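Every value quoted in this text rests on a predicted model; they were computed, and no experiment measured them. All values below were derived from every heavy atom in this structure, side-chain atoms included, with hydrogens, water molecules and symmetry-related copies excluded. Here is the naming used below: chain letters follow the sequence lines, and residue numbers restart at 1 for every chain.
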Number of protein chains: 2
Amino acid sequence: MSLKKDFHDYLSRFVNLKEEEISAFYRKATIRKLKKREHFVKAGEHCSNVLFTNSGYLRFYHLSENGNEITSDFYFAPSFITSYTSFITKSQSLVSVQAMQDMEVLEFSREDIYKLYAKYSTVQTIGRMIAEQVAINSERHLFLLLGQSAETRYKELMEKYPQHIQSIPLQYIASYLGITKESLSRIRKSIH
Amino acid sequence: MSLKKDFHDYLSRFVNLKEEEISAFYRKATIRKLKKREHFVKAGEHCSNVLFTNSGYLRFYHLSENGNEITSDFYFAPSFITSYTSFITKSQSLVSVQAMQDMEVLEFSREDIYKLYAKYSTVQTIGRMIAEQVAINSERHLFLLLGQSAETRYKELMEKYPQHIQSIPLQYIASYLGITKESLSRIRKSIH
DNA sequence: TGATTTTTTTAACAATTGTCAAATATATTC
DNA sequence: GAATATATTTGACAATTGTTAAAAAAATCA
C-alpha cells in the first residue's frame, strides 16, 4: 500500500541497490494524485517527466484518420510510465497518456533522472532494463498485430493476459487489436 | 569502408569514448561474413549474439497463421542488430533475421557485452541508448499500423523513408504495413 | 546473353472488417 | 435510487482487403 515501499520493491526487481541509492532516487520524487481519466500527457505536449505508480493502470492513445481514439498501449502497476519517444527525443508527444483509475504516483523530471544515471551506474542499469522492457513490450504488440486474423489476436490476448483484459473496457481493447469495438463485440459473440 | 572505423564512428554518435574503451569493445568482436539471404538467427533458436554492420540491411520476419512470411522490421547499416527479446530474456527467438545483401559484420556475445557494461559505464550508456532506439522504432511502427488505412500507411512510409523504401522489395514492405503484396500493388497503381 | 528464378501485377471472386444508427446494458453521479 | 452518462451490442449495408491462379516484368546466374 505504501508508495515508497512499493517503489523500493520495484527497483529491487532490477538490481540490488544500496540504501543510499534508493533514498537518492526517492528524494527526487514529487508525490502527485491523478484522478480517473485525468491526463498525464496530452498529444502535442512535450513530456519531460516519468511517473511511477503502484496501483491502477494507464492508457496510451491517439486519434485515427477518422477521429477515433486508438489505444496503443496499457501500463499496469507497478511500473514506470512516460511518453517514451517524447521523453527521450525531447519532441512533441504523439500519444496522450491517461489514468484509468484514481491513483497516487511519484513523478520524476528528466533532468533528475539523467543526473541519477550519471551518478549511480546501478540507476542507469535500471534505465537500460526499463528501456529493454519497453522495447520487448512493443515487439510483442507488433507480433500480435502482424500476420493473424482479428479473432486470433483477441484469443491470444485473452490467453496471455486474462486478468488484465477483464478490467479494460472492450472499446479500448478493440483499437489495441487494430479493429473497431463493433467488430470485437461480434468476435466475442461468435466465440461463446 | 573499414568496419573498424565505422564501428568507432557509430559508437561516437552515442557518447564520447576513450581510446581504451573502444579498443576493449572492438577486441571482443568476431569478424564474420553474411551472404545475401543468409540467416543470422532462425525462429526457434536462441539468439545470444549481437551484430554490428556497416553496409546493407537485414530483415526480421516470422510466419503468419497462413504460412506467409511477415516482415516485422528492417535494420539499415550502420546499426547493431539482434533478436532483441531473445537476447534479453534468453528465450527462443520468435523472429528470423536475414541478411538482405552480402555483408561483413562484427559479432559480439551476450557475455562479453554484459562484461563491458559492468566495466565501462559509457558502454552501458550505449546499451541503454540502443534499447531506447529499439523502443522508439517499434513505437513508430505501431503508430504506422494503428488507426490509418493501408493507403495512408504506405504514403506515410514513402514520405518518411523514400530512399530506404526504394531498395526493399515490395513484398516485404507489404507485410511490414500489415497487408498482402497484391493489395500494396493495387495501392501503388491507384496512386500513380 | 540466354535461361532460370524471383518479383510484381492483374483479374475475378470471397471473406473480413468498417460504418452508421439505434437499442440495450452497465456504470456513475447527485 | 433515479437520472445521466458511458459502454456494449445489434443489424443492414458498404468498403477494404484477402485469396487464388496466371501473366508480365525484373533480377540473377551460369
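B/L145 is listed as a side-chain neighbour of A/L142, based on a closest heavy-atom distance under 4.5 Å.
For A/T180 and C/dG18, the shortest distance from a side-chain N or O to OP1 or OP2 is below 4.0 Å. Proximity of A/S185 to the phosphate of D/dT9: a side-chain N or O atom is located under 4.0 Å from OP1 or OP2. For C/dG18, neither phosphate oxygen OP1 nor OP2 lies less than 4.0 angstrom from any side-chain nitrogen or oxygen of A/N66.
Rounded to an integer number of Å, the gap from CZ of B/R59 to C1' of C/dT6 is 13 Å. In this structure, B/M100 atom CE and D/dT28 atom P are separated by 11 Å, rounded to whole Å. The CD1-P distance, from A/I179 to D/dT16, rounds to 18 Å in whole Å. As rounded to whole Å, 11 Å separates atom P of D/dT8 from atom OH of A/Y154. As a whole-Å value, the separation of A/E151 CD from C/dT17 P is 9 Å. One can place CD of B/E182 at 12 Å from C1' of D/dA22, the figure rounded to the nearest angstrom. When rounded to the nearest whole Å, the span between CZ of B/R186 and P of C/dT9 equals 11 Å. Spacing between atom CG of B/N68 and atom P of C/dT7 amounts to 14 Å, rounded to whole angstrom units.
Note: A/S48 OG to A/I113 CD1 = 11.5 Å, rounded to the nearest 0.5 Å. How far CD1 of A/I70 is from NE2 of A/H62: 5.5 Å, rounded to the nearest 0.5 Å.
Salt bridge present: A/D9 and A/K5 bring a charged side-chain N and a carboxylate O closer than 4.0 Å. Salt bridge status for B/E182 with B/R186: absent, with no side-chain N to carboxylate O gap under 4.0 Å.
Among the heavy atoms of the strands lying under 4.0 Å from B/R188 are primed sugar atoms or P, OP1, OP2 only; no base atom is included. Within 4.0 Å of A/K181, counting heavy atoms only, lies at least one base atom of the nucleic acid.
Two residues, B/K189 and B/R37, neighbour DNA chain C, and the one matched to the more 5' nucleotide by heavy-atom proximity is B/R37. Between B/L184 and B/K36, the residue anchored closer to the 5' end of DNA chain D is B/L184, taking for each the nucleotide with the nearest heavy atom.
Judged by distance alone, with hydrogens and angles left aside, A/R153 brings no side-chain donor or acceptor close enough to the base of C/dT16 to form a pair under 3.5 Å.
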